[in-house]
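Below you'll find the structure, written out as structure tokens, and then a few comments.
Order of the sequence lines sets the chain letters (A, B, ...), proteins ahead of strands, with each chain counted from 1.
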Amino acid sequence: MRKAAWFWLALLLIVSFFVSCLCGRYSLGLADFWEILTGQAAGTMKANVFWNIRVARACVVGVCGAALSLAGFVYQGLFSNPLVSPDVLGVSGGASVGAIACILFWGGSMGLLEVSAFAGGILTVGLALLLSKAIGGSRVFDLILSGIILSAVANALIMAMKYMADPTQQLAVIDYWLMGSFSLCGWEEFFAVAPLCLCAALVLALLRYRLKVLTLGDEEAASLGIAVLPVRVISIVCATVLVAASVSVSGIVSWVGLIVPHLVRALLGEDFEANFFQTALCGASLLMLADTLARSLLPSEIPISILTSLMGALFLCGFLLWRRVKKEG
Amino acid sequence: MLEIKGVTVRRGKKLVLRDISLSLIRGQLTGVLGLNGAGKTTLIHAILGFCPIAGMIELDGHSLAQMGAKERAKQMAYVPQSNQTGIRFSVEDFVSMGVTAYLGAFSRPGQVEMERAKAILSDLGCGHLIGRGMDKISGGEGRMAYLARAVMQGALWLLLDEPVASLDFSRQHTFLTHLREYVRQKNAGCLMTIHDPELAYTYCDRLVFLHRGQVVADLEAGQQTELGKALQTVYGEQVTMDFQNGKLIMGWAEKKFEKSP
């Protein structure tokens, strides 16, 4: 089952990428694809669309899908809470505040946008942890509460910045950005996001066994020889880098970080270290498919969070019903 | 030798442990008894470095406070009070985590460690748990998995916090029998908090009684007179005790309540 899972995941990734590159308003068929691949269409419009728009965008979407899913997986493991995600912890909101502030006050250049998004995200996670400790009581519940509080604060700040924004130029940019979209993503965005995400993911991959032991709780992990605080801090920073990098190029893409880890566990079984990589592959594939749908369903492109939120909510509902039926059966 | 010297622990304003001094040697199973809230779990946590202490704890002359998590884990294995719920690893995966302290910074247990984990489970009479999920086994089986993990850790000191509290009668004896065998075979030191004085007397070489954060008695097995006094100091004067075939039999004298006029 496990070996078959890897095969199907790889196939899904390839098919998703392939579909993402061929589908869109500028029609590209299999024959066009062959001509582009063999160089027969070099210098033509279709080759330009394929390489510089479709492939570039698919690469960005794949990286962001993997990044958001992996961040959700790591957060859920670190906080031993299946309901935690970058959205619930407030990381997405905090990263958005940073990014929107950059657009509004500092021109919104790519490098500065990433730094601002990261700073906003890491500040929010830190505040969520401090607030949850200050609240006291149940650890799991208080972390969620803290995330909700900080998300509300982030939303308030975002609304305030929208109020201050120039309605003729900046407001529309901010609004569309908040709904999430990869429409302006190309190779520049890929080379800005991919190295960051790759480094963060690599560090997390190296730490994945320690993350697994940490799911037993701090005291047990420490008794087994894990340096709890450094592993937690590094993991939180890396997961936040993944979220912030994604948010900086696409805006908020909801639900991916929450749903994909659960989907992987439900379909492929619970093996923490295998699930780590499977979550990234699955997240990349699903977001590419969602992005393809967002571009293709209607004449104008739908902001991707509309689709991911709808799909995520429907999936969660269906999963909970299925789980109940399975229990009773 | 594990030396606890003048250890005091505060939680907030409350003094949980007061000036505790104990010297523990290897090859000995030491039971710590006391009422709920006497400080038994806090004593274990203090040794493991889970809480700040005043005083000193030394292992073979080296201060534990100077030891990093890895080094401490190589010396001491911990079995917590209750099984973690929601662990979705396989039992052998869980047991193999005992080698974590010996792994490189980015290493993980491999096939060799897995086979060793399975062998330990078989040696403990738990071969039937191999391949099963930790969330699919009973509480007693989970306790044995924890013991197997402690064995896998290869530490010469075991710290167990009420390891048999939730087990049925036969599993209590099975667990403690395996524990005592391990302590004898490996010449390991073991400190165990336990509620049941009868079990403690049967399996432990030494009994330490904690009452209101202080050591009120520190006895070798066989000191029957002192044991009676310690039991009554901790549990009250209604406690009765007797010995039969070398086993401690505890009782509780009924108190007659006088009707108020």
Side-chain angles (χ1 to χ4, degrees), chain A residues 1-2 73 76-84 136 138-140 201-235 238 261-262 264-278 327, chain B residues 12 41 44-45 47-51 67-90 93-110 113 133-136 142 145-146 149-150 152-155 157-161:
Chain A
M1 164 70 177
R2 278 274 155 198
F73 177 82
Q76 286 170 9
L78 273 179
F79 300 119
S80 298
N81 184 343
L83 293 179
V84 159
S138 158
R139 210 181 104 205
V140 159
L202 187 64
V203 172
L204 288 171
L206 290 171
L207 288 177
R208 69 189 185 281
Y209 173 70
R210 274 136 191 86
L211 284 172
K212 177 178 161 183
V213 179
L214 262 183
T215 61
L216 295 175
D218 285 4
E219 288 179 352
E220 257 188 77
S223 76
L224 290 169
I226 298 286
V228 170
L229 190 61
V231 171
R232 272 198 189 279
V233 168
I234 292 170
S235 303
C238 288
H262 284 288
V264 165
R265 282 190 285 264
L267 294 176
L268 303 178
E270 305 232 20
D271 177 338
F272 189 94
E273 292 177 81
N275 287 160
F276 179 93
F277 296 106
Q278 289 162 349
K327 258 188 189 169
Chain B
T41 298
I44 298 245
H45 285 185
I47 297 169
L48 288 164
F50 294 166
C51 56
M67 254 185 225
K70 257 193 169 179
E71 193 49 44
R72 198 188 291 244
K74 288 178 186 175
Q75 305 288 339
M76 295 179 172
Y78 170 54
V79 174
Q81 191 168 11
S82 51
N83 297 347
Q84 278 272 2
T85 55
I87 302 176
R88 292 186 171 83
F89 320 137
S90 65
D93 209 0
F94 178 78
V95 172
S96 73
M97 286 179 175
V99 299
T100 301
Y102 302 93
L103 299 174
F106 303 118
S107 303
R108 54 184 301 284
E113 286 79 20
M134 281 293 290
D135 57 337
K136 301 279 190 290
Y146 270 91
R149 192 183 75 183
M152 184 93 186
Q153 215 165 324
W157 287 91
L158 300 176
L159 300 168
L160 301 99
D161 193 2

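- Looking only at distances, no side-chain donor or acceptor of E219(A) sits under 3.5 Å from a matching main-chain atom of H45(B).
- Side chains of T100(B) and K212(A) form no contact here, defined as non-hydrogen atoms less than 4.5 Å apart.
- Contacts between L159(B) and chain A at a heavy-atom distance below 4.5 Å are absent for every atom of the residue.
- Considering every non-hydrogen atom in both G225(A) and A101(B), the closest pair reads CA-CB, 4.4 Å.
- Proximity to chain A is limited to the backbone of A105(B), based on heavy atoms less than 4.5 angstrom apart.
- For R108(B), the parts sitting under 4.5 Å from any heavy atom of chain A are the backbone and the side chain alike.
- Using a 4.5 Å heavy-atom threshold, the side chains of D93(B) and F272(A) count as separate.
- Here M152(B) contributes atom CE and L224(A) contributes atom CG; the two are 11.5 Å apart, rounded to the nearest 0.5 Å.
- Checked against ring pair (Phe, Tyr, Trp, His ring centres under 6.0 Å), F94(B) has the following partners two or more places apart in sequence or in another chain: Y146(B).
- Shown here are the side-chain contact (heavy atoms from CB on, under 4.5 Å) partners of I234(A), two or more places apart in sequence or in another chain: V203(A), L207(A), C238(A).
- In terms of heavy-atom proximity, A222(A) sits nearest to F50(B) at CB-CE2, 4.1 Å.
- When heavy atoms are compared at a cutoff of 4.5 Å, M76(B) approaches chain A solely by way of its backbone atoms N, CA, C and O.
- Residue contact with chain B, scored on non-hydrogen atoms closer than 4.5 Å, involves the side chain of R210(A) exclusively.
- Taking CG of L216(A) as the reference point, atom CZ of F89(B) lies at 5.0 Å (rounded to 0.5 Å).
- Contact count versus chain A (heavy atoms, under 4.5 Å) is highest, among G133(B), A155(B), P109(B), for P109(B).
- Using a 4.5 Å cut-off between heavy atoms, S107(B) contacts chain A through its backbone alone, with no side-chain atom that close.
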